[in-house]
Amino acid sequence: MQAECTPYLQASSQAYREAALAIPGGVNSPVRAALAVGAEPAFIARGEGPYIWDVDGNRYIDYVGSWGPLIMGHAHPAVVEAVCRAAHDGLSFGAPTESETELVHAIQDAVPSMEMVRLVSSGTEATMSAIRLARGVTGRDCIVKFEGCYHGHADALLVKAGSGALTMGVPSSAGVPAATTADTLVARFNDLDSVRALFAARGEEIAAVIVEPVAGNMGVVVPHEDFLPGLRQITEAHGSLLICDEVMTGFRTAFGGAQSLYGIDPDLTCLGKIIGGGMPLAAFGGKRRYLEELAPLGPVYQAGTLAGNPVAVAAGLATVRLLREPGVHEGIVAKTTALARGIEQLGASRGVPLRVNQVGAMFSVFFTDDDVFDYQGALSSNTDLFAFFYRAMRASGVYLAPSQFEALFVSAAHTDDCIAETLEHVEAALARL
Ligand SMILES: *Cc1c(COP(=O)(O)O)cnc(C)c1O
């Protein structure tokens, strides 16, 4: 394997050093620092369509899309216009606006299980609030999450897998009191027996199972056919709620989210990313009888100064309206499939062991000989090869997420030419592995 480094980016490097004096790690969210792939972050100057430009003037084809939201591409004119129009009318009121109801209706048209919806400002808030609601309506304290699934950085959900973790949550961050995660039980993705074992031991105490229906935060991991229906059946049998965390998969795996693809009717659903169109906005919702337990109607408290912010709502509404035009989502998925299959074929013809996991418009490349269907599989892929691949792609003008354990995203703005150009660079990178 040849040494490979990204070209020296003078302006980015300088911006990074300056940022790092004032901002921990120079970044406002840790993976952006690109430490896992042995690179420095590119500081971004602007984006348009499928492209971003760094402060040194380099152009990249972007497969991060702000980590998922930008399914219509960067600075889509209709989204920017909607944002500007909303901004001119006032940035925030802390009072209800009609556009919030419009966005909620647009969400419900796509995700009918969300009989009522509350808007919040981040995915973390959405999952945190959904968990509180599930605990409030069931009067139970325990929750079940899966190894390798990420649900934002609320304390109770920051629990990693560990050998003892099947029965007891172990905090995966300093600063999280053990008591906060003691009620967080961890099961294995795609392993219903691990869920049944938890319910057999503590079923009466379990308020909810929370799951990314297609895992995206250990790289993309696809659910086995019986996994989600099994979760639905087990939770129902024990009077627990099923929470689908579709913050990433909503409007991404399919217009109606993963629940529409896999035919699941969850009790609660969390959305984020795409429904904000690049602005801070997320949502949780579900069965009316549960949502009516939220303040001011019921005893479960939840609130937000900027929740349902009119400028964010305008961006989300414009994005969802573009995405629901006939053929738009199908087109994005077709391009994602072409890219994913193309990478697989190049791996095969170059003799590079790799697996591409894809659902709808999200995918991941794992360097391994084995199918990746859980956290252990993801962890056993070759992250050194991934780091090399990342740096080679970035040097050739393709911007990937700087970690093996992230999903990659295609947007409506990616043309067939973008995909073809990307595949040429993939071929060149694989040839040098
Ligand atoms: C991104 C993400 C979150 C957290 O959303 P933030 O807006 O970053 O707080 C939660 N769950 C899933 C599945 C996500 O992908």
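Counting starts at 1 for both ligands and their atoms, following the listed order.
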Please set out all donor-acceptor pairs under 3.5 angstrom arising from side-chain atoms of residues 293-304, sequence neighbours excluded.
{"from": "Q302", "atom 1": "OE1", "to": "R118", "atom 2": "NH1", "distance (Å)": "3.2"}

Open item on the list: So which atom in V37 and which in A387 form the shortest heavy-atom distance, rounded to 0.1 Å?
Closed with: CA-CB, 3.8 Å
TODO: Go through ligand 1 atom by atom and flag the ones less than 4.0 Å from a non-hydrogen atom of S122.
DONE: 7 (O), 9 (O)
TODO: State the atoms of ligand 1, each with its element, that fall below the 4.0 Å cut-off from a heavy-atom position in E212.
DONE: 13 (C)
TODO: Find out whether the Lys NZ or Arg CZ of R59 is both under 6.0 angstrom from the six-membered ring centre of Y51 and within 45° of the ring's axis.
DONE: yes
Open item on the list: Minimum distance, heavy atoms only, to atom 9 (O) of ligand 1: which one of T124, I210, T249 is it?
Closed with: T124
Using atom types as modelled, flag every donor-acceptor pair under 3.5 Å from a side chain in residues 209-220 to any protein atom, sequence neighbours excluded.
{"from": "E212", "atom 1": "OE1", "to": "G216", "atom 2": "N", "distance (Å)": "3.0"}
{"from": "E212", "atom 1": "OE1", "to": "N217", "atom 2": "ND2", "distance (Å)": "3.0"}
{"from": "E212", "atom 1": "OE2", "to": "Y150", "atom 2": "N", "distance (Å)": "2.9"}

- [ ] Report yes if some N/O of N217 lies less than 3.5 Å from some N/O of ligand 1; otherwise report no.
- [x] yes
Open item on the list: Using a strict threshold of under 4.0 Å (side-chain N to carboxylate O), is an ion pair present between K287 and D265?
Closed with: yes
TODO: Measure the spacing between OG1 of T124 and NE2 of H151 and express it to the nearest 0.5 Å.
DONE: 11.0 Å
- [ ] Output, in order, the C-alpha distance, side-chain angles, deciding distance and verdict of ring pair (Phe, Tyr, Trp, His ring centres under 6.0 Å) for F373 and H224.
- [x] CA-CA 8 Å; F373 53 82; H224 293 153; 5.3 Å; yes
Task: Carboxylate-amine/guanidinium proximity below 4.0 Å for R135 and D141 - done: no
Task: Atom indices of ligand 1, in the order listed, that fall short of 4.0 Å to a heavy atom of D245 - done: 10 (C), 11 (N), 12 (C), 13 (C)
Task: Shortest protein heavy-atom distance from atom 1 (C) of ligand 1, along with the residue and atom involved - done: K273 NZ, 1.6 Å
Open item on the list: Checking the N or O distance criterion of under 3.5 Å, is ligand 1 in contact with H151?
Closed with: no
TODO: May I ask you to identify the nearest protein heavy atom to atom 5 (O) of ligand 1, giving residue, atom name and distance to one decimal place in Å?
DONE: G123 CA, 3.2 Å
Open item on the list: With the threshold set at under 4.0 angstrom, would you say H153 reaches ligand 1 through any of its heavy atoms?
Closed with: no
Open item on the list: Using a 3.5 Å cut-off on N or O atoms only, is T127 in polar contact with ligand 1?
Closed with: no
Open item on the list: V247 versus ligand 1: do any nitrogen or oxygen atoms come within less than 3.5 Å of each other?
Closed with: no
- [ ] Check ligand 1 against Y150 and write out every atom of the ligand that is under 4.0 Å from a heavy-atom position of the residue.
- [x] 11 (N), 12 (C), 13 (C)
